[in-house]
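Just so it is clear, the model here is predicted, and its values are computed rather than measured. Residue numbers start from 1 in every chain, and the chains themselves are labelled A, B, ... in the order their sequence lines are given, proteins ahead of strands.
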Amino acid sequence: MLFTSIGDVLLLPSFRQRKLVRDLLESGKIGQDYLVAGWVDTIRIHGNIIFIIVRDRSSKMQIVVKKNVSEEAWKTAREISPEYVIAVKGKLVESKAALGGREIVATKVWIISESDALPIDIRDYTKTSLSKRLDWRFLDTRNPRNYLIFRVKAIMAEAARRWFIDNDFTEIFTSKIVGAATEGGAEVFSIIYFDKPAFLAQSPQLYKQMGVICGFEKVFEIGPVFRAEPHHTTRHLTEYTSVDFEMGYIDGYDDVMDVVESVVVSMIKEAIKKHKHEVEEYFPNALLDLPKSIPRITIREAYMLLKNANVSIEWGDDLSSESERKLGEIIEKEYGSPMVFVTEYPWQVRPFYTMRKEDEPFWTYSFDFLVRGLEVATGGQREHRYELLLKQVEEKGLNPRNFEWYLRMFRYGAPPHGGAGIGLERVVMQFLGVSNIREVRLLPRDPERLYP
RNA sequence: GCCGCGGUAGUAUAGCCCGGCCUAGUAUGCGGGCCUGUCAAGCCCGUGACCCGGGUUCAAAUCCCGGCCGCGGCGCCA
């Protein structure tokens, strides 16, 4: 029996009277009648008494259906299986045995929507492989732990946006369909734009610089970026959310690092403030202790630290993922910080718009920001002097003609500026201490996965 | 892109190295039964699988080849 109905009129309760179970557990009046609705988490049938754990977006709560209280409710409850959507009306009572110390004694039960037998175990998500869980993502996220990931992610994105707005940055929304690859690389997705070749933006880099030169001075954007690199790792996605900002009138790239530090710390603080207990419960490896200060070391210092730790690395190399992990450990031990800025990367491993060091052009005014040994942000000061910028485009083997619209901006008054891109999923991942970035993306895209 | 590991009921796994004792084991799920205080309820009964194609062999889940799919490491990156 799917609906209780008379003719075509469904005898369903009005959800306007619905209460969230957390509210009832925390502040419901004992002895009063309430209506709750949600998914059936578990159901235990003991003959004439039935226990239902109902779950809504706020929490879980026990419902007791007794034959001698309402035979009709009891009969309906016997038909219920996990993940049915139900509504229950009944009296809130205290119960030492129930979770939360309270339960509802049902006088009426409605089956609102049935569920097939579940293809995955959602109560214990570890019993199912991540790949299968992603195939059934809409069920996977009904597990409170997995749902929490996305609430934390939303809080962190909100905190970042808040920070920028409070600090007088203007939010911009740049195009994700672009006519030329941002940095000349091959790692972009090609699309057909009517009859023209086009690409999905792999970064808002050039546009956010434009934002500065537009006269906005300080801009930010939180949006999708696309990378066509066929990575097979636990820390890459082909589509992710980038928290990007760019600011004019800076004295140097330390100003940019100050912002990155402030934003990321604010993201983590807000997540802890809102969800500390749940994060502790579900993510034992979460990063709940923030460092007093975050060290900033040059890549030359990093080379030395790594050499002393017997990691083979050459002067002028980029840091490999192994080096970054190792460096994270060393910094944690020596400075007591799970985070570190590594600065002044060699010009040869940085994009053309990076500003080179004035006296030693081998190095640049750039940085990576590592959290627990993983790169979560990259940034630096940009070259704003037209002649030098043009030279750098050529030096990187790029065709200036493809960047004409970009280059000409620098002939009409461009202040010294810099910025960074922060990988939202990577911040969430490192904060919660999860091992696969796909976990923190609702619908991850990787070289193989295109559905759902 | 390079390298490595893997594909057995709805889910997770054992078996594979050393072919036959596999009528493919276990857990969980699912269906049914008993049960008025459970809480991953319990007990009983039932249900359900060797990725696809080719080969070797008296005999293939097991060995070989090809394909498809999944996972991870590296490179590169956020």
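The six-membered or imidazole ring of Tyr406(A) lies away from that of Tyr353(A), with a centre-to-centre distance of 6.0 Å or more.
A donor-acceptor contact under 3.5 Å links the side chain of Ser95(A) to the base of G37(B). One can find a donor-acceptor pair under 3.5 Å joining the base of C77(B) and the side-chain atoms of Arg426(A). Side-chain atoms of His236(A) come within donor-acceptor range of the base of C76(B), with a qualifying N/O pair under 3.5 Å. Side-chain N/O atoms of Asn68(A) and base N/O atoms of U36(B) include a donor-acceptor pair closer than 3.5 Å. Within 3.5 Å, a donor on the side chain of Lys66(A) pairs with an acceptor on the base of G37(B), or the reverse.
Put simply, CD1 on Ile120(A) is 16 Å from C1' on G70(B), counting in whole angstrom units. Straight-line distance from the CZ atom of Arg325(A) to the P atom of C77(B): 16 Å, rounded to whole Å. When rounded to the nearest whole Å, the span between CG of Asp116(A) and C1' of G29(B) equals 14 Å. Rounded to an integer number of Å, the gap from CD of Glu229(A) to P of C76(B) is 10 Å. The distance between atom CG of Leu450(A) and atom P of G70(B), rounded to the nearest whole Å, is 11 Å. Between the CZ atom of Phe245(A) and the P atom of A78(B) there is a distance of 14 Å, given to the nearest Å. Note: CZ (Arg235(A)) to P (C71(B)) measures 16 Å, nearest angstrom.
A14(B) is unpaired under the criterion used here, namely a Watson-Crick or G-U wobble arrangement in which both key atom distances are under 3.5 Å. Base pairing of A9(B) is not made with any nucleotide, judged by Watson-Crick or G-U wobble geometry with both donor-acceptor distances under 3.5 Å. Under the Watson-Crick or G-U wobble criterion, with both distances below 3.5 Å, G37(B) has no partner in any strand shown. The nucleotide G53(B) finds its pairing partner in C65(B), both defining distances of the Watson-Crick or G-U wobble pair being shorter than 3.5 Å. The partner of U47(B) is G29(B), judged by Watson-Crick or G-U wobble contacts that both fall below 3.5 Å. In this structure, G72(B) forms a base pair with C3(B), meeting either the Watson-Crick or the G-U wobble geometry with both donor-acceptor distances under 3.5 Å.
Under 4.0 angstrom from either OP1 or OP2 of G10(B) there lies no side-chain N or O belonging to Arg133(A). Distances shorter than 4.0 Å separate none of the side-chain N or O atoms of Thr126(A) from OP1 or OP2 on A12(B). An OP1 or OP2 oxygen of G37(B) is reached within less than 4.0 angstrom by no side-chain nitrogen or oxygen of Asn48(A). Distances shown here put every side-chain N or O of Thr234(A) at or beyond 4.0 Å from the OP1 or OP2 atom of G72(B). Close to C77(B), at under 4.0 Å from its OP1 or OP2, lies no side-chain N or O of Arg350(A). Regarding contacts with the backbone of C76(B), every side-chain N or O of Ser320(A) stays at 4.0 angstrom or more from both OP1 and OP2. The side chain of Ser203(A) contributes no N or O atom lying less than 4.0 Å from OP1 or OP2 of A78(B).
Base engagement by Ile45(A) is indicated by at least one non-hydrogen atom pair under 4.0 Å involving a base atom. Thr233(A) comes within contact range of at least one nucleobase, with a heavy-atom separation under 4.0 Å. Residue Gln430(A) is classed as having no contact, given no heavy-atom separation below 4.0 Å to the nucleic acid. Contacts of Glu239(A) with the nucleic acid, taken as non-hydrogen atoms under 4.0 Å apart, are absent.
Asn146(A) contributes atom CG, which lies 5.0 Å from atom CD1 of Ile149(A) (distance to the nearest 0.5 angstrom). Taken to the nearest 0.5 Å, the CZ atom of Arg300(A) stands 9.0 Å off from the OH atom of Tyr303(A). A distance of 13.0 Å separates OG1 of Thr238(A) from CD of Gln202(A), quoted to the nearest 0.5 Å.
Under 4.0 Å is where a charged nitrogen must lie from a carboxylate oxygen, and between Lys89(A) and Asp33(A) no such pair does. Checked for salt-bridge contact, Lys274(A) and Glu270(A) meet the test: a charged N lies under 4.0 Å from a carboxylate O. With respect to the salt-bridge test (charged N to carboxylate O, under 4.0 angstrom), the residues Arg426(A) and Glu375(A) do not qualify.
Between Glu322(A) and Glu375(A), it is Glu322(A) whose nearest contact on RNA chain B lies nearer the 5' terminus. Residue order along RNA chain B, read from the 5' end via each residue's closest nucleotide, puts Lys132(A) first among Asp368(A) and Lys132(A).
Taking the 5.5 Å centre cut-off and the 30° plane limit, the aromatic side chain of Phe51(A) is not classed as stacked on G37(B).
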